[in-house]
Structures are given as structure tokens and as C-alpha cells.
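Just so it is clear: chains get the letters A, B, ... in the order the sequence lines come, proteins before strands, and each one is counted from 1. Bear in mind that the values here come from a model prediction, so they are computed numbers and not experimental data.
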Protein chains: 2
Amino acid sequence: MSLPRVAAVNEVRDSCRNCRLRELCLPDSLSLAEVSKLEEIVQRRKPIARGDYLFQSGHPFNAIYAVRTGSIKTSSLLANGDEHITGFHFPGEVIGLEAITSDRHACAAIAMETSSVCEIPFHALEVLGEKAPKLQQQLVRIMSRELVTEQGTAQLLTRRSAEQRLAAILLNFSERFVRRGLSGNRFRLPMSRLDLGNYLGLVPETMSRTFRRLEEQGLLDIAGKEINIADKSALTELAYGTAPEATPNACRRSG
Amino acid sequence: MSLPRVAAVNEVRDSCRNCRLRELCLPDSLSLAEVSKLEEIVQRRKPIARGDYLFQSGHPFNAIYAVRTGSIKTSSLLANGDEHITGFHFPGEVIGLEAITSDRHACAAIAMETSSVCEIPFHALEVLGEKAPKLQQQLVRIMSRELVTEQGTAQLLTRRSAEQRLAAILLNFSERFVRRGLSGNRFRLPMSRLDLGNYLGLVPETMSRTFRRLEEQGLLDIAGKEINIADKSALTELAYGTAPEATPNACRRSG
DNA sequence: GTAGGATGTTGACTTAAGTCACGTCTGCTC
DNA sequence: GAGCAGACGTGACTTAAGTCAACATCCTAC
């Protein structure tokens, strides 16, 4: 099933210090010394093929992961057997933090395309944190950011129409692509409509119709998974009500 | 507007060391020395009257809070002017963590009844954490727990009927009351139906009808805000599908 | 103890999204 | 490059929850 490709040599050699994603997963400036201590424990794993698990729900928790390339979805199994996708994760984002509290992964992480990650063994990180408190503090900040993201997700799902949910998630992806220096207007969705619908609480038929309606309104151009945001301010207006340039996510920035 | 009552003397004298809630906000066993260091920075605030703000959205972030008595709701203002309630918080639970990342509160915290909190100045906590890494590690664990809770909330709101949402939140409250040593079957909801509906993404009319339907089905007895869970296993079955004693929240415990 | 607002309830009607059924497209595998 | 499975799209119909409007009840302040 898995057919890991060989990573480009320079990709493997990349260190945290000169990682292009550094400002995403380590936004505050740690000292060089602190970053290189972190580097010593970080492991670069072989790329994961599309559909493969990075970890599974219920498995023991050993490490957190920073996405380097590709994209990862996390999903959890509901008691009735349904799967629920809890998030999509792009380069520079950290996954596995929800497992710290119980020592077991609460969700499964699955690659949506060939992806690579940095593995950060958690025990080693804690030991390191005892000597380098800034590192531990940085972890707390990253977790706080995740908390804000999750609250944003909950809001996305509360009393919003299908059009609003889709508009909001596309703008959210757009923002995250911009943060990585990519185009915020033209991008490729790495997930199926089924997965996106699952995340948004919408059935695939509704997803299809909603995409079409947004296209008919001239807000998007759609060609399969390629999305072009044709009218960003109208899309924002649709997603968040009355305030086009107000906070894209009421809980995401407020100051 | 606010009319703070004088706290009972022994309530004020309570320290973290012998706090009845200790195992809730500090579940791992820190050493006595560590707990007493924490005690030195914790401040006990005057009780907050019903409807008063503990902090407001957009205000500078200075401290996190542990609820001691009463109950607190957190809410954020959406761009379109609507208010969205992001959570309900009971004694032993910690609030304000989402503000660490941005140095501003992303939500407002409002007392639902006369409540008291421990205020933990965050800067002092970080400084202390540099000397007592266990404390910092405990904070990370608490935040991880919050992350799991938030993911549970998102699941609650995704593709579940009004009956399932209400059943699930009542069971969730029940669990949290049990953790505090209270009855899990008979309790008083501190929030209005309007607030509960806001949190669940349901309109007050639907809340009212849904409560009635659950009562008609013999799952609950309702007298205003007093709730009696009459048939817990049927309620669980309703909330989570097929598995009465399986995981009450797919993402909350999985091992 | 009463007035008045907030909170909660009920019924009739509307509507957005789900369901079912079917057809088409796309991208793998052999 | 044929064949197949999964993903995607469309239409007809159903239904759960929202909306609107009216009324009841509970608090709180005076």
C-alpha cells in the first residue's frame, strides 16, 4: 500500500535552523542555541504515501509531528461507526498535541498526498524543556494557537449555512496558503469533497451543489480540485456576515 | 450591577494544597514544594456577580483563571454582531488559555451565577515554570485536555440532530458534575435555554421542543432548570449512536 | 405585592439540507 | 488502453429545524 518516495537530499538535510517553515512552527524567536538543541531530538521521517497513517487512534503517544510537505487529515471514529474528520493540516502546522493528556492518540492522522513530517519525541522534548524553558513556553504558545483554531472550527459549524461554511473554510485555507508564501487566490484542494464535507458537517451532494452555487454567483472558479477565488471580498462578506474586512474568524484575532 | 458577596472565610483561606478541586486543575501529582510555589502567585479574587465579566474580548491578557465556585460562560462576538457561546466552565476548570498566543483575550468570560475564581498571573507562572518545569509540563497537559474538549465540541455540532446534541451535552455536564463528587443524575443547569441553545447551534424554540421530546420519551424529568436523568443508558444510546457504554466522546478517551 | 422585562412554550408555516436513485467522470491497475 | 472503483454531479422527494407570531411564566426591582 505505501510506496514512500525518496526525499530530495536537501529536504532531508534541512534543519530547524534554516527550515523555511520555521516561523510557522516556531514563531517566537528562540535563541540559536535553543533551536539547535531542538534539532538534536527532531527526527525526519521517510515520506508517507497518500492514504497511509502517520498514527492511529488509540495508539500510544510518543511524539508530536510538524508537517513539512504535503497535507495530513486527522479523523476520529464515532461510537456509531462513522468517521469524523477533525482537521486538515498543512506544512508548518503541528499535530498530535491532543494526545499529551492521555498518552494515547485520540485521532488518526492520514496523509492526503505524499507528505513528510518532523517527528519530535515528546519525552525528549519535555526533558529538553527542563533545561530550555523558552522551548517549553513556545510549546504552550503553539497549543494556545491550536485552541483558538479549534474554537474557530466550532463556530464554523454553528448555525451557518452550507454556503457560509464552504466560503469560510476556503478563506481559511487561503490564509494558511498565504502564510506559507503561496497564492491565496488560486490553489488546489488536497482533500476530496467527501472529506471536506465530512469536516464541515455536510453531505457530498450538498457540497457539490454548494460549490456550484458559489461558482454561479461569480465568487469562485472551480475546475475539479483547482480553486480560484474570483471575488474575495464578496466571499468574505458571505462567510462572516456584514463585515468584509473584519476578523475572518471572530476568535482568531481580536486585538 | 455587580454586588459581590463576601466569601466565606474558609473559602478565602483555602490554598491549592488542600483545595478540594486540586485533582481537577492539577491532576498530576506535583510535589508539595511545587504546589506551594504555585500558591504564592495565585490570587483569590472577590466573587463575581451573575452577569459580570471576568474578562472581556480584546482586553489584554494577564492571567489565566481556575473556576472555584459557580459557573462561567465564555462567548465571542461574530463579525455579523451575533454572540456565540464557546463554552461553559465549572469549578476545577481553567479558562483564558486561548489568549496566550495573542496576548489578548479572544473571548469574554461572564459569570452565570455568583462565582469565584483563582487568578494565576501568567507572567509569574512562566517565570515560576522556568524553575519548576513540572509546573510548566502540567500546564501543557491541561492545555492538551482542553484541546480534546474543543474537538469534542466540534464533533457535537457536526451532523447531529437536536436530540443528540442535547443528550450529549447533558451527559457531558453529568460527567463533569460526577468528577466534582456531585450527583450525575440530578442537577441544576446554571445557564438559560437560550445560552445552551446558542452553544449547541439551536434556536430557543427548538431547545424547548427538544427538552419536551426527551421528557416524553422518558429519558429526562425536567422542572425548569432542574434536570433528572431518568434513563441514562437510553440517553447515551441516543447521544452516541449504537454503543451505550462506549466512549461518551469519541475524542475524549480512546485507550 | 405588583409591574414589566426576560425567559420559556406552543402552533402553523417555510426552507435548507438530507436522502435516495441514478448517471458521469476520473484516475488507477493490470 | 480497457476495465473498474471511487469520486463527483443532478434531480425528485422528504424532513428536521428555523421563522414568525402569540401567549405563558418566572424573576427582579420598585
Side-chain angles (χ1 to χ4, degrees), chain A residues 1-3 5 49-52 73 80 82-85 110 112-114 156-169 188-217 220 222-227 238, chain B residues 1-3 5 49-52 73 80 82-85 110 112-114 156-169 188-217 220 222-227 238:
Chain A
M1 185 168 193
S2 104
L3 196 134
R5 297 188 200 149
R50 175 191 160 92
D52 277 2
K73 67 178 176 185
N80 62 15
D82 289 357
E83 196 191 26
H84 177 239
I85 293 179
I110 303 159
M112 294 190 289
E113 57 192 310
T114 305
L156 183 65
L157 298 170
T158 307
R159 301 255 287 119
R160 303 189 103 74
S161 70
E163 289 187 9
Q164 290 181 307
R165 292 183 206 196
L166 181 53
I169 192 71
R188 181 172 211 285
L189 295 176
M191 72 291 290
S192 70
R193 257 134 239 232
L194 195 115
D195 280 353
L196 191 57
N198 181 311
Y199 176 74
L200 294 175
L202 299 169
V203 116
E205 293 94 324
T206 303
M207 288 304 291
S208 178
R209 291 187 245 267
T210 308
F211 265 114
R212 183 156 52 81
R213 265 182 283 150
L214 294 190
E215 193 170 32
E216 281 166 5
Q217 290 169 45
L220 301 177
I222 304 160
K225 300 195 163 167
E226 298 291 338
I227 302 291
L238 170 62
Chain B
M1 185 169 195
S2 105
L3 197 135
R5 296 187 202 149
R50 176 191 158 92
D52 278 2
K73 66 178 176 184
N80 61 16
D82 289 358
E83 196 191 26
H84 178 240
I85 293 178
I110 303 159
M112 294 190 292
E113 58 193 309
T114 304
L156 183 65
L157 298 170
T158 306
R159 302 255 284 117
R160 302 189 105 73
S161 70
E163 288 188 11
Q164 289 181 307
R165 293 182 205 195
L166 180 53
I169 193 71
R188 181 172 211 283
L189 294 177
M191 73 290 292
S192 69
R193 258 134 238 231
L194 194 115
D195 280 353
L196 191 57
N198 181 312
Y199 177 74
L200 293 176
L202 299 170
V203 118
E205 293 94 322
T206 302
M207 289 304 292
S208 177
R209 291 187 245 265
T210 307
F211 265 113
R212 182 156 51 84
R213 265 181 283 152
L214 294 189
E215 192 169 35
E216 282 166 6
Q217 289 169 45
L220 302 177
I222 304 161
K225 301 195 162 167
E226 299 290 339
I227 302 291
L238 170 62

So A:Arg209, base contact, sugar-phosphate only, or nothing? Heavy-atom distance under 4.0 Å. base
Determine the contact category for B:Gly201: base if any of its heavy atoms lies under 4.0 Å from a base atom, sugar-phosphate if only primed atoms, P, OP1 or OP2 are that close, otherwise nothing.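 Counting heavy atoms under 4.0 Å across all strands, the contact made by B:Gly201 is with sugar-phosphate only.
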Could you state the [atom1]-[atom2] distance from [X] to [N], rounded to the nearest angstrom?
{"X": "B:Arg160", "N": "D:dA16", "atom1": "CZ", "atom2": "C1'", "value": "16 Å"}
{"X": "B:Met207", "N": "D:dT19", "atom1": "CE", "atom2": "P", "value": "15 Å"}
{"X": "B:Glu216", "N": "C:dT10", "atom1": "CD", "atom2": "C1'", "value": "12 Å"}
{"X": "A:Lys225", "N": "D:dG9", "atom1": "NZ", "atom2": "P", "value": "10 Å"}
{"X": "B:Leu202", "N": "C:dT7", "atom1": "CG", "atom2": "C1'", "value": "17 Å"}
{"X": "A:Leu200", "N": "C:dA17", "atom1": "CG", "atom2": "C1'", "value": "14 Å"}
{"X": "B:Glu226", "N": "C:dG8", "atom1": "CD", "atom2": "P", "value": "14 Å"}
{"X": "A:Leu189", "N": "D:dC8", "atom1": "CG", "atom2": "C1'", "value": "14 Å"}

Can B:Glu113 and B:Arg50 be said to form a salt bridge (Lys or Arg N to Asp or Glu O under 4.0 Å), step by step? CA-CA 4 Å; B:Glu113 58 193 309; B:Arg50 176 191 158 92; over 6 Å; no
Please name the pair of heavy atoms, one in B:Thr158 and one in A:Gly201, separated by the smallest distance, quoted to 0.1 Å.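 Closest approach of B:Thr158 to A:Gly201: CG2-CA, 3.4 Å.
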Which heavy atom of A:Pro204 sits nearest a heavy atom of A:Leu194, and at what distance? CG-CD1, 3.8 Å
Between [X] and [N], is there a side-chain N or O to OP1/OP2 distance below 4.0 Å?
{"X": "A:Arg193", "N": "C:dC25", "result": "no"}
{"X": "B:Arg50", "N": "D:dC27", "result": "no"}
{"X": "A:Thr206", "N": "C:dA17", "result": "no"}

Regarding C:dC20, can its base be found pairing with the side chain of A:Glu205 as donor and acceptor, where the two atoms are less than 3.5 Å apart? yes
Is a salt bridge present between A:Glu216 and A:Arg212, judged by a nitrogen-to-oxygen distance below 4.0 Å? yes
Here's a test of your reading of the structure: between A:Arg165 and B:Leu194, which maps to the more 5' nucleotide of DNA chain C? B:Leu194
Go through [options] for me and flag the one nearest to the [X] side chain.
{"X": "A:Val203", "options": "C:dT19, D:dG18, C:dG8", "value": "C:dT19"}
{"X": "A:Arg213", "options": "C:dG8, C:dA17, D:dC8", "value": "C:dA17"}
{"X": "A:Ser192", "options": "D:dC8, C:dT10, C:dA17", "value": "D:dC8"}

What's the separation between atom CZ in A:Arg193 and atom CG in A:Leu166, rounded to the nearest 0.5 Å? 9.0 Å
